[in-house]
Each structure stands twice: as structure tokens, then as C-alpha cells.
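To start, the structure itself, in C-alpha cells.
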Amino acid sequence: MSLFKKKIKKLYAIADGTNVPMEEVPDEVFSTNMMREGVALIPDTGNIYAPCDGEISMLMEHSLHAFGIINEDGMELLIHIGLNSVELMGEGFQAHTAKGKHVHKGELLISFDKELLKEKGINDITMMVLVEPKGHKIVDICPDIHVQKGETCWLSYQ
């Protein structure tokens, strides 16, 4: 056993919702890990929360459908709300954060109108992708069917 084994760390669920295996996301960019590995869920409500402490590295200001967080380990996470939601150009979305802001696990970052997305025929499945893992590897992905924001370990890494 190595004395220098990396500590296992956690990223928490970004919403209360139903886990969806990444390979079942109905968009091949996500389902085939073109953007890298990650996790997905169908949110119960239109609120998306921080999976960890970190800094908002990017916010799609015109559409608000995606944002990035850099955590304490330098990993960059992309949170992408919905499929084809960029087409709404921000309609029904509200930012509660800004680029450069330091956020804490469980903090509300984006809210969106689930009913509006449904009316417009937009799937609100939401993905978290480790776009820049900084040498870290996913150790485990939460097997639970239902997850809770800020409480359920959505994935662990080292």
C-alpha cells in the first residue's frame, strides 16, 4: 500500500433529480464522452446548484444554459442544462452567479423554467462533464436512482 495514494474526493449532485447513465443521454456529444467523462440527471425542479466549492470560470451569458467551475484541485467542470437549450437565448433562465465569483457546494447558480423548456420541446436533462480533469480520474459514479443537491455524492475522484 502506497503512503502517497491520492485522497478520494467528491463532487455532489447539482440538483434533486433522477440519475441518467451518461451513455443514455440522447445526444452523442455527451453519450460518447466526446467532451470527456461526466454524469447526468433529470432535475426535479429548475434549480441548479454548485457541486463543490470553486470559481465560476465561464458563464454562457447570452443563453445561460452552461457554465464552468474550477474546483480546489484545478479541475474544470462544465454544467450543461438541457439539450438544444442554447436556442432559447436565455429565455426562461436566470443566473444567480457570475464569471469569477467564488461559490460554495450547494449554492444556487442557475434557475430555469422547466415548463417553458417542456413547451418548447427541449429536454432538460443536465450534464456535468470533467472537461479538464487535471490528471484526476473518476473512481465511482453514484449508483442511486434519485439524488439530492449538495448531499448525494454524485461522483468521486482521485
Side-chain angles (χ1 to χ4, degrees), residues 8-22 25-27 29-30 35-134 136 138 140-157:
I8 294 177
K9 297 187 178 182
K10 299 175 181 181
L11 296 173
Y12 292 86
I14 57 172
D16 292 345
T18 304
N19 253 345
V20 175
M22 200 67 153
V25 172
D27 182 317
V29 170
F30 296 103
M35 295 184 69
R36 295 217 182 242
E37 291 182 286
V39 286
L41 62 71
I42 298 169
D44 291 345
T45 69
N47 293 323
I48 304 299
Y49 301 85
C52 58
D53 292 352
E55 182 178 317
I56 300 298
S57 59
M58 178 274 297
L59 176 63
M60 298 298 289
E61 293 183 19
H62 297 295
S63 61
L64 303 176
H65 80 289
F67 60 93
I69 297 177
I70 296 177
N71 76 357
E72 64 184 10
D73 292 321
M75 291 174 46
E76 185 159 11
L77 314 170
L78 172 71
I79 313 295
H80 190 283
I81 304 164
L83 300 177
N84 301 318
S85 52
V86 67
E87 296 171 5
L88 293 177
M89 291 305 296
E91 179 185 1
F93 286 79
Q94 181 178 1
H96 302 280
T97 193
K99 182 179 177 185
K101 183 177 181 215
H102 186 78
V103 297
H104 300 283
K105 176 187 77 138
E107 183 177 335
L108 178 63
L109 301 179
I110 300 283
S111 53
F112 66 95
D113 184 337
K114 279 182 68 74
E115 287 303 312
L116 176 70
L117 268 66
K118 186 176 181 180
E119 287 171 17
K120 302 273 186 176
I122 294 174
N123 186 333
D124 67 358
I125 192 167
T126 300
M127 290 67 59
M128 179 176 75
V129 178
L130 281 64
V131 291
E132 179 48 66
K134 291 289 186 183
H136 296 280
I138 294 175
D140 194 26
I141 293 177
C142 177
D144 297 344
I145 291 175
H146 197 268
V147 295
Q148 292 187 309
K149 65 165 170 61
E151 291 181 29
T152 305
C153 173
W154 208 16
L155 70 78
S156 56
Y157 68 93

Donor-acceptor pair, distance only, cut-off 3.5 Å: does the side chain of Glu132 make one with the backbone of Lys134?
yes
Which heavy atom in Leu117 sits nearest to a heavy atom in Asp124, and how many Å separate them?
CD2-CB, 3.9 Å
The test is side chain to side chain contact (heavy atoms under 4.5 Å, CB included); show your working for Asp144 and His146 and say whether it passes.
CA-CA 6 Å; Asp144 297 344; His146 197 268; over 6 Å; no
Taking the side chain as C-beta and beyond, is there a heavy-atom pair between Met22 and Val129 under 4.5 Å?
yes
Separation of Ile14 CD1 from Ile81 CD1 (nearest 0.5 Å):
7.0 Å
Quick one: closest heavy-atom pair of Ala95 and Ile110, and the distance?
CA-CD1, 3.8 Å
Closest non-hydrogen atoms of Leu78 and Val131, given as atom of the first, atom of the second and distance, are CB-CG1, 3.8 Å
Of all the heavy-atom pairs spanning Lys114 and Pro43, show the shortest one and how long it is.
NZ-O, 2.7 Å
CZ (Arg36) and CG (Leu77) are apart, to the nearest 0.5 Å, by 12.5 Å
Decide yes or no on side chain to side chain contact (heavy atoms under 4.5 Å, CB included) for Val29 and Met35, but give the supporting numbers first.
CA-CA 7 Å; Val29 170; Met35 295 184 69; 3.5 Å; yes
Heavy-atom side-chain contact between Phe67 and Ile48 under 4.5 Å:
yes
For the side chain of Asp140 and the backbone of Ser156, is there at least one donor-acceptor N/O pair under 3.5 Å apart?
no
Just verifying a value: how many Å separate Ile79 CD1 and His65 NE2, rounded to the nearest 0.5 Å?
12.0 Å
Identify the heavy atoms of Cys153 and Cys142 that sit nearest to each other, and give their distance.
O-CB, 3.1 Å
Between atom CD of Glu76 and atom CG of Leu130, what is the distance when rounded to the nearest 0.5 Å?
10.5 Å
Do Leu41 and Val20 make a side-chain contact, defined as non-hydrogen atoms from C-beta onward lying under 4.5 Å apart?
no
Hey, could you give me the OG1/CG distance between Thr126 and Leu83, rounded to the nearest 0.5 Å?
8.5 Å
Please evaluate residues Leu109 and Ile56 with respect to the criterion side chain to side chain contact (heavy atoms under 4.5 Å, CB included), reporting the C-alpha separation (whole Å), side-chain torsions for both, the decisive distance (0.1 Å), and the verdict.
CA-CA 10 Å; Leu109 301 179; Ile56 300 298; 4.2 Å; yes
Check: Asp73 side chain, Met75 main-chain N or O, donor-acceptor pair, under 3.5 Å
no
What's the verdict on side chain to side chain contact (heavy atoms under 4.5 Å, CB included) for Ile145 and Asn19, showing C-alpha distance, side-chain angles and the deciding distance?
CA-CA 5 Å; Ile145 291 175; Asn19 253 345; 5.8 Å; no
I'd like to know if the side chain of Asn71 and the backbone of Gly54 have a donor-acceptor N/O pair within less than 3.5 Å.
no
Over 60° means perpendicular and under 30° means parallel, so tell me whether His136 and Tyr157 are parallel, tilted or perpendicular.
perpendicular
Could you give the distance from CH2 (Trp154) to CD1 (Ile138), rounded to the nearest 0.5 Å?
11.0 Å
Can you give me the closest heavy-atom contact between Gly38 and Ile141, atom names plus distance?
O-CD1, 4.0 Å
Within 6.0 Å of NZ in Lys10, more than 12 heavy atoms from elsewhere:
no
Ion pair Lys120/Glu87, N-O distance below 4.0 Å:
no
Does a side chain donor of either Asn47 or His96 reach within less than 3.5 Å of an acceptor in the other side chain?
no
